[in-house]
Q: 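I am attaching a structure below and will ask some questions about it afterwards.
Counting begins at 1 with the first residue of the sequence. Just so it is clear, the values below take in all heavy atoms, side chains as well, and ignore hydrogens, waters and symmetry mates. Since the structure is predicted, the reported quantities are computational estimates derived from the model, not experimental observations.
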Amino acid sequence: MSIRHGLLALLERGPRYGSQLRTEFESRTGSTWPLNVGQVYTTLSRLERDGMVAQDGEDDAGHALYSITDDGRGELRSWFETPVDRSSPPRDELAIKLAMAVGAPGVDIRAVIQSQRSHTLKAMQDYTRLKAQALAVEPADRDEVAWLLVVEQLIFQAEAEARWLDHCESRLVRLAAAAATEPTTSTSRAATRSAASRPSTHR
């Protein structure tokens with residue numbers, strides 16, 4: 001998640017102060033990725049250092065305002081126009097957990113998969129309920145439309161994860177079946193090799 005670009009997008013709508021940016025960011029994303037004020041101001045400081053935002057006085061309550069600069073607008077346009085890079089995907093805890101569970105002593109990997117599947121399906125149901133609530137009335141503004149897009153992405157992500165878990169379980173079943181037949185196959189091959197190496201008694 002790019003906090004810096006999210007803040008730039010909000011600042012393009014006009015000058016904002018830190019806690020205002022946090023509130024608008026969470027409103028736009030439905031608090032899916034909550035921020036604290038410290039993260040916001042740390043990011044603003046880096047953006048200011050990089051020439052993408054500048055302090056723009058204070059509001060009536062004495063809050064320090066920040067505005068986007070031309071360099072910031074260029075960076076924001078580039079972000080919108082450039083596909084999200086998938087060549088270096090972020091670490092996924094679930095994928096790492098299953099990879100490490102394969103062959104780990106004392107770990108029932110099928111139980112791990114089943115437990116995760118139950119959690120994932122519950123999350124998908126919760127997201128679907130949120131979507132239904134959002135669609136009960138026509139979205140009133142772009143923040144509500146943005147939240148709808150986010151919650152739909154979460155639903156699709158959960159659906160994909162559930163399908164992947166089904167695939168993992170099926171693969172494990174196939175591997176277990178292959179392992180069960182492997183000793184028999186090895187014995188048969190050994191017997192064949194042994195028979196082939198014995199001298200023939202036929203003349």
Q: Can you name the closest pair of heavy atoms from A9 and L76 and give their distance?
A: CA-CD2, 3.7 Å
Q: Closest heavy-atom contact between L8 and G72?
A: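 The answer is CD1-O, 4.0 Å.
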Q: Got a second to check how far Q55's CD is from Y66's OH, nearest 0.5 Å?
A: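 Going from the CD atom of Q55 to the OH atom of Y66 covers 4.0 Å.
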Q: Rounded to the nearest 0.5 Å, what separates atom CZ in R77 from atom CD in E12?
A: 8.0 Å
Q: Less than 4.5 Å apart, side chain to side chain, heavy atoms only: is that true for R73 and M52?
A: no
Q: Distance from E26 atom CD to D143 atom CG, nearest 0.5 Å?
A: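 It is 12.0 Å, given to the nearest 0.5 Å.
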Q: If we ignore hydrogens and angles and just use 3.5 Å, is the side chain of T82 paired with the main-chain N or O of W79 as donor and acceptor?
A: no
Q: Does the side chain to side chain contact (heavy atoms under 4.5 Å, CB included) test come out yes or no for W147 and L130, once each step is laid out?
A: CA-CA 10 Å; W147 161 232; L130 288 173; 4.0 Å; yes
Q: Are F25 and V145 connected, step by step, through hydrophobic side chains (Ile, Leu, Val, Met, Phe, Trp, Tyr) whose heavy atoms are closer than 4.5 Å?
A: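 No; V145 is not reachable from F25 via cluster members.
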Q: If only side-chain N and O atoms count, and only distance matters, is there a donor-acceptor pair under 3.5 Å linking T69 with D71?
A: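 Short answer, no.
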Q: Establish whether F80 and V53 are linked, either directly or via other cluster members, by ILVMFWY side-chain heavy-atom contacts under 4.5 Å.
A: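 In one cluster: yes.
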Q: Would you say R46 has more than 12 foreign heavy atoms packed within less than 6.0 Å of its CZ?
A: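 Result for CZ/R46: open.
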Q: Sequence neighbours excluded, which residues qualify as side chain to side chain contact (heavy atoms under 4.5 Å, CB included) partners of L94?
A: D92, L98, Q116, E161, W164, L165
Q: Do L175 and V102 belong together in a cluster built from hydrophobic side chains that touch within less than 4.5 Å?
A: no
Q: Going by the side chain to side chain contact (heavy atoms under 4.5 Å, CB included) test, name the single residue among L7, L35, L10 that passes it with R22.
A: L35
Q: Given side chain to side chain contact (heavy atoms under 4.5 Å, CB included), test E152 with K131 step by step and report yes or no.
A: CA-CA 7 Å; E152 287 175 333; K131 177 182 175 180; 3.2 Å; yes
Q: Checking the side chain of T43 only, and the main-chain atoms of Q39 only, is there a donor and an acceptor separated by less than 3.5 Å?
A: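 It does hold such a pair.
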Q: According to a 4.5 Å side-chain heavy-atom criterion applied to Ile, Leu, Val, Met, Phe, Trp and Tyr, with indirect links allowed, do L135 and L149 form part of one hydrophobic cluster?
A: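 No, L135 does not connect to L149 through the hydrophobic network.
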Q: For K97, check salt bridge (charged side-chain N to carboxylate O under 4.0 Å, His left out) against everything at least two apart and list the hits.
A: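 Applying salt bridge (charged side-chain N to carboxylate O under 4.0 Å, His left out) to K97 gives none.
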Q: Looking at every non-hydrogen atom in both residues, tell me the closest pair between A158 and T120 and how far apart they are.
A: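 Reported closest heavy-atom pair: O-CG2, 3.4 Å.
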Q: If I take atom CD1 from residue I155 and atom CG from residue D126, how far apart are they, to the nearest 0.5 angstrom?
A: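 Nearest 0.5 Å value for the CD1-CG distance: 10.5 Å.
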Q: Output all residues satisfying salt bridge (charged side-chain N to carboxylate O under 4.0 Å, His left out) with R163, sequence neighbours left out; order by chain, then residue number.
A: none
Q: With rounding to the nearest 0.5 angstrom, report the CD to OG1 distance, E159 to T128.
A: 7.0 Å
Q: Quick one about H5 and E75 (side-chain donor to acceptor, distance below 3.5 Å, no hydrogens or angles considered), yes or no?
A: yes
Q: Does a side-chain heavy-atom distance below 4.5 Å link L44 with L21?
A: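 Yes. Closest side-chain heavy atoms under 4.5 Å.
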Q: Quick one: does Q153's side chain get under 4.5 Å of V150's, heavy atoms only?
A: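 Q153 does not reach V150 side chain to side chain.
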Q: Of all the heavy-atom pairs spanning Y41 and G18, show the shortest one and how long it is.
A: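 That closest heavy-atom pairing would be OH-N, 3.1 Å.
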Q: Taking the side chain as every heavy atom from C-beta outward, state whether Q157 and L154 have any atom pair closer than 4.5 Å.
A: yes
Q: In terms of heavy-atom contacts, does CZ of R86 have more than 12 from other residues, nucleotides or ligands at under 6.0 Å?
A: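 Counting neighbours around CZ of R86, 12 or fewer heavy atoms of other residues, nucleotides or ligands fall under 6.0 Å, so no.
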Q: Do you know which two heavy atoms are closest between A146 and R28, and how far apart they sit?
A: CB-CD, 3.0 Å
Q: May I ask you to test the R49-S45 pair for a side-chain heavy-atom distance under 4.5 Å?
A: no
Q: State, yes or no, whether a side-chain contact exists between R117 and E169 at a heavy-atom distance under 4.5 Å.
A: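 When only atoms from C-beta onward are counted, E169 and R117 do touch, with a gap below 4.5 Å.
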Q: Measure the OH-OG1 distance between Y17 and T23 for me, rounded to the nearest 0.5 Å.
A: 7.5 Å
Q: Check the hydrophobic clustering (I, L, V, M, F, W, Y; side-chain heavy atoms under 4.5 Å; chains of links allowed) and say if L172 and M100 are grouped together.
A: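 No, it is not one cluster - the side chains of L172 and M100 are not joined through contacts under 4.5 Å.
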Q: May I ask you to test the R171-R174 pair for a side-chain heavy-atom distance under 4.5 Å?
A: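 Answer yes - side chains close enough.
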Q: Does any part of the side chain of L65, heavy atoms only, come nearer than 4.5 Å to the side chain of R16, both counted from C-beta?
A: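 Sidechains of L65 and R16: no contact.
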